[in-house]
Q: 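Handing you this structure, nothing more for now.
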Amino acid sequence: MKRERKFNQLVLATKNSGKVKEFQKYFSSLNIKIVKIDDIVGDIKEPEETGKTFKENAKIKAIYYSKFTDKPVISEDSGLVIPYLNNYPGVYSSRIGKNDSERINKILEKLNGIEEDKRVAYFVSVLALAENGKIIKTFSGKVKGYIIKEPKGNNGFGYDPVFYYKPIRKTFAQISSEEKNKYSHRGRAIKKLIKFITNFS
Ligand code: IMP
């Protein structure tokens, strides 16, 4: 007998509209409804992201928000890691400037005059799935790119305009969110999550 689908609805614990858009693209075809945390709990205080790793922060957020609902909650922590800059900005990716262009300028300044092979960067995404304050599982995804000298493209969000993905010779801001999902850190982590939750179907 087929078990009842456990994960026909997921609460997404993020206020980042860029992330929400990418999640919705994925789940719309899977009959899994993505509900934003704000729509369930209103405007509650965000937890402090005190972790030293993406995984720790993803877990903090998933545990915190899943205490406000009986539905399974997915949180994400992600960011850009530049090995040449000692993995900067890492978990501070969203905090090194007031807005995306300030943050982009900050890393471009730090890489000013640095040659191409040292401009390697990774986007990392860690998803945490939790229910009633307990972590069920985490999933991670990573993608390698290069930080180009000037922003290119208007799609996506965050550091996408300077993240050049060699296999397609474009930045992540020059492609659609469907295409970005095929290669991105988030897309890779989401695929692992989907494999896990569809086994419960
Ligand atoms: P979080 O909301 O704490 O996970 O912050 C993640 C930050 O990392 C975002 O605000 C962006 O600056 C950056 N980031 C994460 N994923 C992406 C992406 O797919 N494209 C561009 N920037 C990203």
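Just so you know, ligand 1 is whichever comes first in the structure, and atom 1 is the first atom listed for that ligand.
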Q: Specify whether Phe172 and Tyr165 have parallel, tilted or perpendicular ring planes, treating 30° as the upper limit for parallel and 60° as the lower limit for perpendicular.
A: tilted

Q: Could you grab the distance from atom CZ of Phe163 to atom CD1 of Ile107, nearest 0.5 Å is fine?
A: 10.0 Å

Q: Can you tell me the protein heavy atom closest to atom 1 (P) of ligand 1 and the distance?
A: Lys19 NZ, 3.5 Å

Q: Identify, for atom 15 (C) of ligand 1, the protein heavy atom at the shortest distance, and state residue, atom and that distance.
A: Ser78 OG, 3.1 Å

Q: Touching ligand 1 at all, Ser184? Heavy atoms, strictly under 4.0 Å?
A: no

Q: Drop me the distance from Asn181's CG to Lys191's NZ, to the nearest 0.5 angstrom.
A: 8.0 Å

Q: Looking at Lys166 and Glu116, does any basic side-chain N land under 4.0 Å from a carboxylate oxygen?
A: yes

Q: Got a second to check how far Thr69's OG1 is from Asn132's CG, nearest 0.5 Å?
A: 8.0 Å

Q: Parallel, tilted or perpendicular: which describes the rings of Phe68 and Tyr65, with under 30° parallel and over 60° perpendicular?
A: tilted

Q: Can you spot which of Val11, Ile74, Leu12 makes a side-chain contact (heavy atoms from CB on, under 4.5 Å) with Ile34?
A: Leu12

Q: Could you tell me the separation between the CG atom of Leu80 and the CZ atom of Arg103, rounded to the nearest 0.5 Å?
A: 12.0 Å

Q: For atom 22 (N) of ligand 1, what is the nearest protein heavy atom, given as residue, atom name and distance?
A: Tyr159 N, 3.1 Å

Q: How far is atom 3 (O) of ligand 1 from its nearest protein heavy atom, and which residue and atom name does that atom have?
A: Asp77 OD1, 3.2 Å

Q: Provide, to 0.1 Å, the distance between atom 16 (N) of ligand 1 and the closest protein heavy atom, together with that atom's residue and name.
A: Arg186 NH2, 2.8 Å

Q: Would you say Arg95 contacts ligand 1, with heavy atoms under 4.0 Å as the rule?
A: no

Q: Do Ser78 and Arg186 pair up side chain to side chain, a donor and an acceptor below 3.5 Å, judged on atom types alone?
A: yes

Q: Considering non-hydrogen atoms of the protein only, which is the closest contact for atom 10 (O) of ligand 1, and what is the distance?
A: Ser94 CB, 3.4 Å

Q: Just jot down the ligand 1 atoms closer than 4.0 angstrom to any heavy atom of Gly158, in number order.
A: 21 (C), 22 (N)

Q: Can you pull out the closest protein heavy atom to atom 19 (O) of ligand 1? Residue, atom name and distance to 0.1 Å, please.
A: Lys180 NZ, 2.8 Å

Q: Short list, please: which atoms of ligand 1 are under 4.0 Å from a heavy atom of Ser93?
A: 7 (C), 8 (O), 12 (O)

Q: Considering non-hydrogen atoms of the protein only, which is the closest contact for atom 23 (C) of ligand 1, and what is the distance?
A: Phe123 CE2, 3.6 Å

Q: As an exercise, identify every atom of ligand 1 less than 4.0 angstrom from a heavy atom of Asp160.
A: 18 (C), 19 (O), 20 (N), 21 (C)

Q: Is there a heavy atom of Phe157 sitting under 4.0 angstrom from any atom of ligand 1?
A: yes

